[in-house]
Every structure is written in C-alpha cells, then in structure tokens.
Amino acid sequence: MNPDTQIEIRNLTMAYGDYVVMRDIQAEVKPHSVFVIMGGSGCGKSTLLRHLIGMIRPAKGEILYEGQSFWSMDDDRRQQRLRRFGVLFQGGALWSSMTLLENVSLPLGEYTDLSAADIREVARLKLALVGLKGFEDFYPSEISGGMCKRAGLARAMALDPEILFFDEPSAGLDPISSRNLDDLILELRDSLGATIVVVTHELASIFAIADDSIFLDPETRTMQARGNPRELLHSDNPKVRTFLSRGNPSGIPASH
C-alpha cells in the first residue's frame with residue numbers, strides 16, 4: 001500500500017442492472033486533502049459517493065481504504081470502517097422533530113458508551129466547532145439553510161471520523177453561506193487533519209477548496225480528467241476546459 005493513499009478507486013464501473021453509469025474510474029485520495037468529484041448533472045457524482053460510503057456495491061472494480069478492499073472485508077470490519085466515515089447529504093438530513101443538540105447526540109448515543117451528560121457535552125462542542133454555539137435548542141425549521149448544513153456537518157463529525165463525505169454541500173445556499181461553508185471545510189481539513197471528499201458542480205467551491213479532483217463525463221460515461229482544478233483549466237480536453245470556465249471566458253479561476 002502507498003502510504004500517501006487513503007482511498008483508492010481501482011477500475012470502478014458503476015451500474016444499475018444493465019445500465020452503466022460510469023466505467024473504469026481510477027483515482028487516489030491522499031490523506032488530509034480535499035478531493036472533489038465534479039461534472040455536470042447526471043454524470044454519476046452522487047452515485048460515486050454512495051459507492052465510496054458502502055451504500056452501493058461496484059458492478060466491477062474495487063474501492064480500497066488504506067490498501068484494504070472494502071467489499072472483501074467481513075461484515076464486522078466493514079462496519080468498523082463505516083464508523084470512521086462522516087457523511088453530509090444534500091439537505092443536511094436532520095430530524096425535524098429533534099433539536100440541533102439532539103440531532104448531533106444521536107450517533108453518539110448509538111455508537112458510544114458515553115454517559116448522557118458526556119454526550120451532551122460532546123454535541124455542544126461539535127456545534128460550537130461549526131459556529132452554532134447558542135443554537136443547541138433550536139429546531140431545523142427555526143434556522144437558515146446554511147445553518148442546517150452546518151448542523152448536519154456537526155452531526156457528521158460526532159464520532160470524530162477520519163474521512164468526511166459531502167454531497168453538494170453548497171446546494172440551495174446563497175453565495176455568502178456557500179463561501180462560509182467552503183471556509184469551514186478548509187478549516188476542518190487543516191485543524192482536524194480530516195480527509196474530505198466533496199461532490200459538487202459549483203465552480204466557486206471547486207476552485208476554493210479542491211486539492212485534487214476528477215471530472216466525470218455523462219456522454220462518454222468515463223472519467224475524463226484528474227488533477228487540481230486550476231491546472232485542469234489548461235487541460236487538452238475541451239469538455240474539461242468548458243466545464244471549468246463556464247461564464248468565465250478569460251479562463252481565470254472563479255472565486256467567491
């Protein structure tokens with residue numbers, strides 16, 4: 001195993017029955033980096049994320065964590081691996097009938113032996129880490145969309161995961177909230193040493209946070225490029241250049 005590789009996607013083909021979504025994906029994710037899965041609508045970005053977190057078994061190929069094939073593990077080891085993941089789905093996926101504190105406490109109560117008092121304390125710390133100190137007793141309906149995303153992130157971080165997976169974290173947010181969330185992602189990478197995998201088509205976020213990326217193309221159903229998005233602006237592939245320079249004919253990386 002390459003010690004500089006935390007996740008390896010090896011010859012991955014994703015399919016629903018006979019319908020192939022994407023074939024022959026090859027990529028490596030380095031520890032403590034932000035890895036972006038990008039591409040237009042319908043290219044399979046979220047499907048790839050679901051493969052990475054064990055929701056869908058590959059039609060072909062392997063996904064390896066620290067050199068170990070995820071689907072070759074026995075059930076116990078696979079469950080242990082899953083507990084080292086934190087996932088933020090598009091809508092935040094908070095329970096509307098629970099306060100923010102209760103939402104963040106949920107995985108702690110299920111997967112740890114902490115006392116009720118300790119669970120509340122850890123949940124408060126996670127909410128404070130994402131800028132939600134003082135909002136512990138609020139319900140999701142009482143806060144903004146950006147705050148719901150932050151609360152979802154706090155819950156994803158509850159068990160101190162090694163890897164965080166975000167599915168379109170900026171979807172539905174205004175530009176300021178989106179920028180704040182991007183800044184928070186970078187803070188988590190730098191302060192916690194987390195590895196972060198992000199699905200997004202938002203150019204501002206792509207250029208702001210990505211250390212490395214892959215570009216999925218729905219027409220060819222293949223991965224068309226891999227690398228830092230700023231370098232891919234000068235790719236020989238016109239599809240990649242067009243995607244990354246949308247609304248920006250000068251070719252200068254988009255910024256918030």
Side-chain angles (χ1 to χ4, degrees), residues 1-2 4-31 33-73 75 77-78 81-82 85 87-90 163-171 195-203 205-207 209-246:
M1 179 200 125
N2 184 344
D4 292 330
T5 301
Q6 188 162 20
I7 309 170
E8 182 182 355
I9 305 168
R10 186 183 291 174
N11 300 320
L12 180 70
T13 292
M14 307 186 299
Y16 293 108
D18 294 332
Y19 178 77
V20 173
V21 178
M22 194 68 48
R23 61 172 64 86
D24 302 327
I25 303 173
Q26 297 259 41
E28 295 178 354
V29 180
K30 297 182 182 302
S33 68
V34 178
F35 182 86
V36 168
I37 302 167
M38 61 184 184
S41 298
C43 70
K45 299 187 298 295
S46 294
T47 301
L48 177 54
L49 186 84
R50 292 187 181 98
H51 277 74
L52 290 172
I53 62 176
M55 292 180 68
I56 304 175
R57 185 186 284 266
K60 178 185 174 185
E62 291 182 296
I63 296 168
L64 296 93
Y65 287 94
E66 297 169 350
Q68 297 181 318
S69 174
F70 181 82
W71 288 105
S72 296
M73 299 176 187
D75 287 344
R77 288 174 61 213
R78 196 154 50 237
R81 172 63 62 179
L82 289 173
F85 298 165
V87 184
L88 175 63
F89 293 105
Q90 279 193 39
I163 307 173
L164 287 163
F165 296 92
F166 299 159
D167 190 4
E168 297 283 5
S170 299
T195 301
I196 302 174
V197 178
V198 182
V199 165
T200 186
H201 67 276
E202 300 284 349
L203 282 183
S205 292
I206 288 168
F207 287 117
I209 66 176
D211 296 306
D212 197 5
S213 67
I214 56 173
F215 176 81
L216 305 181
D217 175 45
E219 293 181 359
T220 60
R221 300 183 194 175
T222 60
M223 184 182 88
Q224 292 280 303
R226 178 191 164 189
N228 185 288
R230 291 175 183 270
E231 296 171 0
L232 292 181
L233 267 172
H234 310 291
S235 169
D236 293 335
N237 188 314
K239 288 184 177 181
V240 179
R241 290 200 311 273
T242 299
F243 177 84
L244 289 172
S245 59
R246 288 171 287 151

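The model shown is predicted, which means the values in this text are computed figures rather than measured ones.
Here the side chain of Ser213 pairs a donor or acceptor atom with the backbone of Gly227 at under 3.5 angstrom. A donor-acceptor contact shorter than 3.5 Å is absent between the side chain of Arg221 and the backbone of Arg23. Side-chain N or O atoms of Lys45 include one that pairs as donor or acceptor with a backbone N or O of Gly40 at under 3.5 Å. Looking only at distances, no side-chain donor or acceptor of Asp212 sits under 3.5 Å from a matching main-chain atom of Phe35.
Here the shortest heavy-atom pairing between Met223 and Gln26 reads CE-O, 3.1 Å. When every heavy atom of Ala210 is checked against every heavy atom of Val36, the shortest pair comes out as CB-CG2, 3.5 Å. In this structure, Glu168 and Thr200 approach most closely via the heavy-atom pair OE1-CA, 3.5 Å. Smallest separation of non-hydrogen atoms from Leu232 and Ala225: CD2-CB, 4.1 Å. Closest heavy-atom contact between Pro58 and Leu12: CB-CD1, 3.3 Å. The two residues Ser41 and Pro218 have their closest heavy-atom pair at O-CG, 4.3 Å.
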Test side-chain contact (heavy atoms from CB on, under 4.5 Å) on Leu233 and Phe207 and set out the steps. CA-CA 10 Å; Leu233 267 172; Phe207 287 117; 3.9 Å; yes
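A distance of 6.5 Å separates CE of Met14 from CG of Leu216, quoted to the nearest 0.5 Å. With values rounded to the nearest 0.5 angstrom, Ile37 atom CD1 is found 6.0 Å from Leu49 atom CG. Separating the CZ atom in Arg50 from the CZ atom in Phe89 is a distance of 7.5 Å, to the nearest 0.5 Å. Thr13 contributes atom OG1, which lies 8.0 Å from atom CG of Asn11 (distance to the nearest 0.5 angstrom). Atom CZ of residue Arg77 and atom CD of residue Gln68 lie 4.5 Å apart, to the nearest 0.5 angstrom. One finds the NE2 atom of His234 at 10.5 Å from the OG atom of Ser245 (value rounded to the nearest 0.5 Å).
The aromatic rings of Phe85 and Tyr65 sit tilted, their planes meeting at an angle between 30° and 60°.
Residues Leu244 and Met38 form a side-chain contact, since some pair of their non-hydrogen atoms from C-beta on lies under 4.5 Å apart. Residues Lys30 and Asp211 fail the side-chain proximity criterion, which asks for heavy atoms closer than 4.5 Å. For the pair Leu52 and Ile163, the minimum side-chain heavy-atom distance is 4.5 Å or more. Contact check for Thr47 versus Met22: no side-chain heavy atoms found under the 4.5 Å cut-off.
Judged by distance alone, the side chains of Ser205 and Ser170 do bring a donor and an acceptor atom under 3.5 Å apart.
When the side-chain contact (heavy atoms from CB on, under 4.5 Å) test is applied to Asp217, the partners found at least two apart in sequence or on another chain are Phe215, Glu219, Thr220, Gln224, Lys239. Listed by chain and residue number, nothing satisfies the side-chain hydrogen bond (donor to acceptor under 3.5 Å, both in side chains) test with Asp236 (two or more places apart in sequence, or in another chain). Applying the salt bridge (charged side-chain N to carboxylate O under 4.0 Å, His left out) criterion to Arg10, with sequence neighbours excluded, gives Glu8, Glu62.
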